[in-house]
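Order of the sequence lines sets the chain letters (A, B, ...), proteins ahead of strands, with each chain counted from 1.
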Number of protein chains: 2
Amino acid sequence: MSATNTDVSSALEPCGAPDHEDCGLSLILNRLGEKWTVMTLSELTVRPLRYRELERALDGITQRMLTLTLRRLERDGFLSRHVEPTVPPAVTYSLTERGRSFAELIAPLVHWSRLNKNSIEASQAAFDRRPAAMPWY
Amino acid sequence: MSATNTDVSSALEPCGAPDHEDCGLSLILNRLGEKWTVMTLSELTVRPLRYRELERALDGITQRMLTLTLRRLERDGFLSRHVEPTVPPAVTYSLTERGRSFAELIAPLVHWSRLNKNSIEASQAAFDRRPAAMPWY
DNA sequence: CAGCATCCTCTATGATACTG
DNA sequence: CAGTATCATAGAGGATGCTG
């Protein structure tokens, strides 16, 4: 079922499908699906930030979700956490090389979204306007 | 907060953050986060498939989730649904141009995952081995 | 064949309160 | 400042049975 002939690396080969080995795709797909991951990475792309700075930058985030998001990203090695042992403590988060690499990976998604936003919303509206019961169409 | 100087289009600018307009990124992020979306698109990348063919290709999927996934992708205009009005009916799903474009967008993620899987898992293991209470490190 | 309807569980997220 | 702890909820996902 894999596209094995002409296209070698440009084809979409999902990892996790029965005939594909697990390549860890689900991990990053899950991360991308989490509500605050991409925005957090984005903020840290600009410069390292402290906990409170992130909290203020990510409008509406709760402390719980901020901590969870940061911990998961740290666990995956996407960012590093630096604690300055002062009182009160100063904790700074910064992207690792891997985190920066991951962020670059996401940029095309943003671009594509921007390009396709309007037409996708048009498709959705058309779909929703569709007569309710019309199994033959 | 946006990176405005050297990097124009390669920077990760999240849409939805307070200082960024909504570019529809959350839609595709949500889709990517859904369990069967990418695998479904992947299967359809090879060739158009009928409902039962997809069901067999996507190991472990329930009819409920297959239908949900297909409907969402159809609504977004990523795939088209063709009904042959025979008895019993024959329904074929195929990628639209937009769906194909989206699939191409995902391919780099697969590649990146493959490349980074092992080192990410190493980071996770190291993180999990870390002493429980050690707020100063 | 290609679904839809129903019930159930589990996880992501959120609200709120407390602390070294 | 930078968290942790507890409680609550909505939606994703799954199990099962039925149908044009």
Side-chain angles (χ1 to χ4, degrees), chain A residues 16 26-40 43-44 48-76 79-94 130-137, chain B residues 16 26-40 43-44 48-75 79-94 130 132-137:
Chain A
S26 60
L27 173 95
I28 85 165
L29 254 28
N30 287 338
R31 286 288 164 280
L32 290 179
E34 286 156 13
K35 183 169 178 176
W36 302 99
T37 300
V38 172
M39 277 192 284
T40 301
E43 294 296 338
L44 292 177
L49 291 170
R50 290 177 56 176
Y51 185 89
R52 289 287 306 205
E53 292 180 307
L54 279 167
E55 193 182 350
R56 275 185 287 264
L58 304 173
D59 194 51
I61 198 170
T62 60
Q63 289 189 318
R64 172 186 153 74
M65 285 315 298
L66 178 54
T67 301
L68 264 179
T69 302
L70 290 170
R71 285 294 176 284
R72 288 197 276 237
L73 291 175
E74 185 193 2
R75 189 176 109 102
D76 294 342
L79 56 82
S80 63
R81 176 173 177 270
H82 177 74
V83 181
E84 207 59 45
T86 52
V87 178
V91 180
T92 303
Y93 294 90
S94 55
R130 177 200 58 156
M134 212 168 157
W136 58 84
Y137 125 89
Chain B
S26 60
L27 174 96
I28 85 165
L29 255 27
N30 287 338
R31 287 287 164 281
L32 289 180
E34 287 157 11
K35 184 168 177 178
W36 302 99
T37 300
V38 172
M39 277 192 284
T40 301
E43 294 296 337
L44 292 178
L49 291 171
R50 290 177 55 177
Y51 186 88
R52 291 284 309 202
E53 292 180 307
L54 278 166
E55 192 181 352
R56 276 185 286 265
L58 303 173
D59 195 50
I61 198 173
T62 60
Q63 290 189 320
R64 173 186 150 75
M65 286 316 298
L66 179 54
T67 300
L68 264 179
T69 302
L70 290 171
R71 285 295 176 282
R72 289 197 276 237
L73 291 174
E74 185 192 2
R75 189 175 110 100
L79 55 81
S80 63
R81 177 174 177 269
H82 177 74
V83 182
E84 207 56 44
T86 54
V87 178
V91 180
T92 303
Y93 294 91
S94 55
R130 177 200 57 156
M134 210 165 156
W136 57 85
Y137 122 87

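- Comparing A/V91 and B/G33 along DNA chain D, the residue whose closest nucleotide (by nearest heavy atom) sits nearer the 5' end is A/V91.
- Side-chain proximity of B/Y51 to the nucleotides D/dA15, C/dG3, D/dA2 is greatest for C/dG3.
- What separates CD of A/E34 from C1' of C/dG14 is a distance of 15 Å, to the nearest Å.
- Contact between the side-chain N/O atoms of B/R31 and the OP1/OP2 oxygens of D/dA12 is not found at any separation under 4.0 Å.
- Taking atom CG of residue B/L70 and atom P of nucleotide C/dC1, one finds them 16 Å apart after rounding to whole Å.
- For the pair B/L29 CG and C/dA12 P, the interatomic distance rounds to 16 Å; values are reported in whole Å.
- Residue A/R52 has a polar side-chain atom (N or O) positioned under 4.0 Å from OP1 or OP2 of D/dC1.
- Note on A/R64: every side-chain N or O is 4.0 Å or more away from OP1 and OP2 of C/dT16.
- In this structure, A/E74 CD and A/T67 OG1 are separated by 11.0 Å, a value rounded to the nearest 0.5 Å.
- A/R81 has a side-chain polar atom (N or O) that falls below the 4.0 Å cut-off from OP1 or OP2 of D/dG3.
- Within the 4.5 Å cutoff, no side-chain heavy atoms of B/M65 are placed close to those of B/K35.
- Look at CD on A/Q63: it is 19 Å from P on D/dC7, rounded to the nearest Å.
- Between A/K35 and A/P89, the residue whose closest nucleotide on DNA chain C is further toward the 5' end is A/K35.
- No hydrogens or angles considered: a donor-acceptor pair under 3.5 Å links the side chains of B/S94 and B/S80.
- For A/R71, the side-chain atoms get nearest to D/dG3 when compared with the rest of C/dG3, C/dG14, D/dG3.
- One finds no salt bridge joining B/R50 and B/E53 here, because no Lys/Arg side-chain nitrogen approaches an Asp/Glu carboxylate oxygen to under 4.0 Å.
- If you measure from atom CG of A/L68 to atom C1' of D/dA2, you get 14 Å, rounded to the nearest angstrom.
- Taking side-chain N and O atoms only, A/R72 has no distance below 4.0 Å to OP1 or OP2 of C/dT11.
- If you measure from atom CE of A/M39 to atom P of C/dT13, you get 11 Å, rounded to the nearest angstrom.
- We find that CD of B/E53 is positioned 8 Å from P of C/dA2, with the value rounded to whole Å.
- A donor-acceptor contact shorter than 3.5 Å is absent between the side chain of A/T69 and the backbone of A/T37.
- Rounded to an integer number of Å, the gap from CG of A/L49 to P of D/dG3 is 13 Å.
- Taking side-chain N and O atoms only, A/Y93 has a distance below 4.0 Å to OP1 or OP2 of D/dG3.
- Minimum atom distance to the side chain of B/M65 is reached by D/dG13, of the listed D/dC1, C/dC1, D/dG13.
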